Amino acid sequence: MTERLVVIGGDAAGMSTATNARRGRSVDDLEVVVFERGDWISFSACGEPYYVAGIVDPLERLLVRSVEDFARGGITVRKQAEVLAIDAGSRTVTVRDRAQGRDEVVAYDSLMYATGASARRLPIEGSNLRGVHEMHTLDDARAVRAALDEAGADRVKRAVVVGGGYVGIEMAEAFHHRGIATTLISADPHLLGETLDAEFAEAFVEEVRALGITVVTEERVACIQGDEDGRVTAVGCGDQVYPADVVILATGTVPNVELARTAGLRIGESGGVWVDDHQRTSIPGIWAAGDCVETHHRLTDGPVNIHLGTYANRQGRIAGINIGGGDQAFPGVLATAISKVMSLEVARTGLTEAEATRAGFKAVATTFSSTTSAGYWPESTRMHVRAVADRPSRRILGAQIFGGPGAAKRIDALAMAIWNEMTVDDMVNADLSYAPPFSGVWDPVLVAARKLQELLG
Ligand SMILES: Cc1cc2nc3c(=O)[nH]c(=O)nc-3n(C[C@H](O)[C@H](O)[C@H](O)COP(=O)(O)OP(=O)(O)OC[C@H]3O[C@@H](n4cnc5c(N)ncnc54)[C@H](O)[C@@H]3O)c2cc1C
């Protein structure tokens with residue numbers, strides 16, 4: 001008899017699951033049905049800031065595959081179909097067809113829970129004024145872009161971005177790129193939260209300011225002000241008022257776990273749905289992947305809920321392979337992330353010194369500056385590196401980088417070293433490439449290993 005896989009959520013984790021399960025089992029053996037509550041499936045939220053900036057156009061370029069593409073591959077996708085409830089006892093879901101306003105009960109043999117995350121909503125007075133946006137969905141991106149493209153007296157001249165995380169800095173870039181005076185407000189002492197060590201983050205903030213973006217730190221937004229037409233005019237923080245024609249609220253994201261909680265799925269310490277290393281939840285037949293799940297950090301072994309497309313795709317793939325008859329485990333994460341603001345790139349992997357110390361390591365750290373190419377190369381720019389190691393084991397634990405074009409992607413070599421539990425001594429003579437347009441003869445990755453070796457003696 002044909003079994004049915006029902007997938008809740010039609011983006012990275014859900015569609016990766018559907019595709020990989022389909023590869024493993026024939027259409028006669030497994031029917032695959034995806035329910036997506038919105039209008040978009042298989043899209044790149046990561047590209048949204050670049051659409052707002054006008055670097056990527058039109059919005060549809062952010063779509064990876066269509067309903068028709070999936071249908072050709074033997075996967076049924078229904079948009080505007082919201083799963084309202086999961087009954088694990090009878091192995092059914094209740095689905096609302098939002099267009100028709102009709103509910104139906106659909107049976108499953110396997111269920112993938114891939115509901116993602118939503119923008120965190122802070123109770124800030126004035127959040128519903130015209131011109132105030134979140135930046136999570138493609139609809140958010142379209143609304144902001146439309147506001148920027150408006151001609152005439154309503155032209156956006158000043159933007160305020162609330163929240164100094166990755167989405168916040170990328171939206172600051174988008175506005176700055178369009179010639180809009182931009183203020184970035186962070187409640188933290190720095191940008192990018194605790195993903196960089198404090199002193200390194202401070203230096204990064206200075207570089208963002210040098211680009212012409214106003215960065216305000218340690219300020220909490222108290223209210224958003226508007227005119228009599230209900231249009232935003234300013235953001236208020238204590239005594240300070242920052243004028244704004246458009247405001248982005250980018251104060252983080254929270255996993256969508258309510259449906260799972262109601263269905264009786266175990267929720268982990270980090271707030272994400274608990275899964276084992278095969279992406280199985282606490283209830284047989286139900287799997288979960290992506291922003292909504294808890295995973296484990298490879299260095300601390302602790303539970304984390306990190307919202308990255310990289311993990312959503314990989315976990316979805318693993319779940320799909322397993323549903324398709326395979327046997328694969330998700331190996332955990334190092335929290336490797338990369339971003340940029342204009343020409344300034346930033347990346348991190350593993351643990352900061354502060355995180356490593358908190359986790360019980362005897363951490364040492366080094367910070368130094370280098371160049372992205374040979375010093376004499378015309379396009380060479382400055383880059384700054386911080387690297388962390390564990391004193392007793394001499395293992396590399398983490399790295400942070402910021403600098404000009406070509407700086408940040410070097411994080412991948414460091415991430416590979418950490419992934420493979422290399423010591424600084426293993427790494428110092430690693431056979432990395434060199435030619436003047438790409439690096440100095442000592443690539444900054446090797447310099448990091450050398451500096452840590454000097455520290456450790
Ligand atoms: C502006 C922005 C920039 C980003 N940049 C990067 C980046 O550069 N690199 C990176 O790695 N990550 C980035 N991310 C994060 C990345 O987009 C997410 O980690 C990824 O999309 C998570 O995929 P997911 O499938 O778990 O969840 P989602 O993409 O959130 O998809 C979940 C889907 O489930 C649907 N859904 C939820 N509940 C239901 C229900 N009850 N019934 C039916 N459907 C439901 C939702 O409508 C949604 O479409 C960025 C995110 C944003 C917002």
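Remember, predicted model here, so these are calculated numbers, not experimental data. Counting starts at 1 for both ligands and their atoms, in listed order.
- At under 3.5 Å, a nitrogen or oxygen of R37, whether backbone or side chain, sits near a nitrogen or oxygen of ligand 1.
- Among the atoms of E36, some N or O lies under 3.5 angstrom from an N or O of ligand 1.
- Relative to the six-membered ring of Y51, R61 misses at least one condition, a distance below 6.0 Å or an angle of at most 45° to the axis.
- Looking at atom 30 (O) of ligand 1, its nearest protein heavy atom turns out to be G116 CA, 3.5 Å.
- Residue T253 does not touch ligand 1, judged by heavy-atom distances below 4.0 Å.
- For atom 37 (C) of ligand 1, the nearest non-hydrogen atom of the protein is T115 O, 3.3 Å.
- At a 3.5 angstrom cut-off on N or O pairs, P49 does not count as close to ligand 1.
- Taking only nitrogen or oxygen atoms, main chain and side chain alike, A45 does not reach within less than 3.5 Å of ligand 1.
- A salt bridge between R386 and E199 is present, with a side-chain N of the basic residue lying under 4.0 Å from a carboxylate O of the acidic one.
- Considering only non-hydrogen protein atoms, atom 34 (O) of ligand 1 sits nearest to G9 CA, 3.2 Å.
- Residue A12 approaches ligand 1 through these ligand atoms, each under 4.0 Å from one of its heavy atoms: 23 (O), 25 (O).
- Atom numbering of ligand 1 starts at 1 in the shown order; those under 4.0 Å from a heavy atom of T310 are 11 (O).
- The nearest protein atom to atom 29 (O) of ligand 1, hydrogens excluded, is given as D11 OD2, 2.4 Å; this is a heavy-atom distance.
- The two residues P444 and T371 have their closest heavy-atom pair at CG-O, 3.9 Å.
- Shown in contact with I8 at under 4.0 Å from a heavy atom are these atoms of ligand 1, numbered in order with element: 40 (C), 42 (N), 43 (C).
- Here T295 contributes atom OG1 and L308 contributes atom CG; the two are 11.5 Å apart, rounded to the nearest 0.5 Å.
- For atom 12 (N) of ligand 1, the nearest protein heavy atom (residue, atom name, distance) is G309 N, 3.0 Å.
- For ligand 1, the atoms sitting less than 4.0 Å from at least one non-hydrogen atom of A114 are 32 (C), 33 (C), 34 (O), numbered in the order shown with element in parentheses.
- For A81, the heavy-atom gap to ligand 1 drops under 4.0 angstrom.
- The nearest heavy-atom contact from the protein to atom 23 (O) of ligand 1 is A312 CB, 3.4 Å.
- Here's the thing with V83: one of its N/O atoms is less than 3.5 angstrom from an N/O atom of ligand 1.
- Screening residues 308-327 for side-chain hydrogen bond (donor to acceptor under 3.5 Å, both in side chains), with sequence neighbours left out, gives S16-N313, H278-D327.
- For atom 4 (C) of ligand 1, the closest non-hydrogen atom on the protein side is C46 CA, 3.4 Å.
- For T137, the side-chain hydrogen bond (donor to acceptor under 3.5 Å, both in side chains) test picks out D140, with sequence neighbours left out.
- Contact check for V34 versus M112: no side-chain heavy atoms found under the 4.5 Å cut-off.
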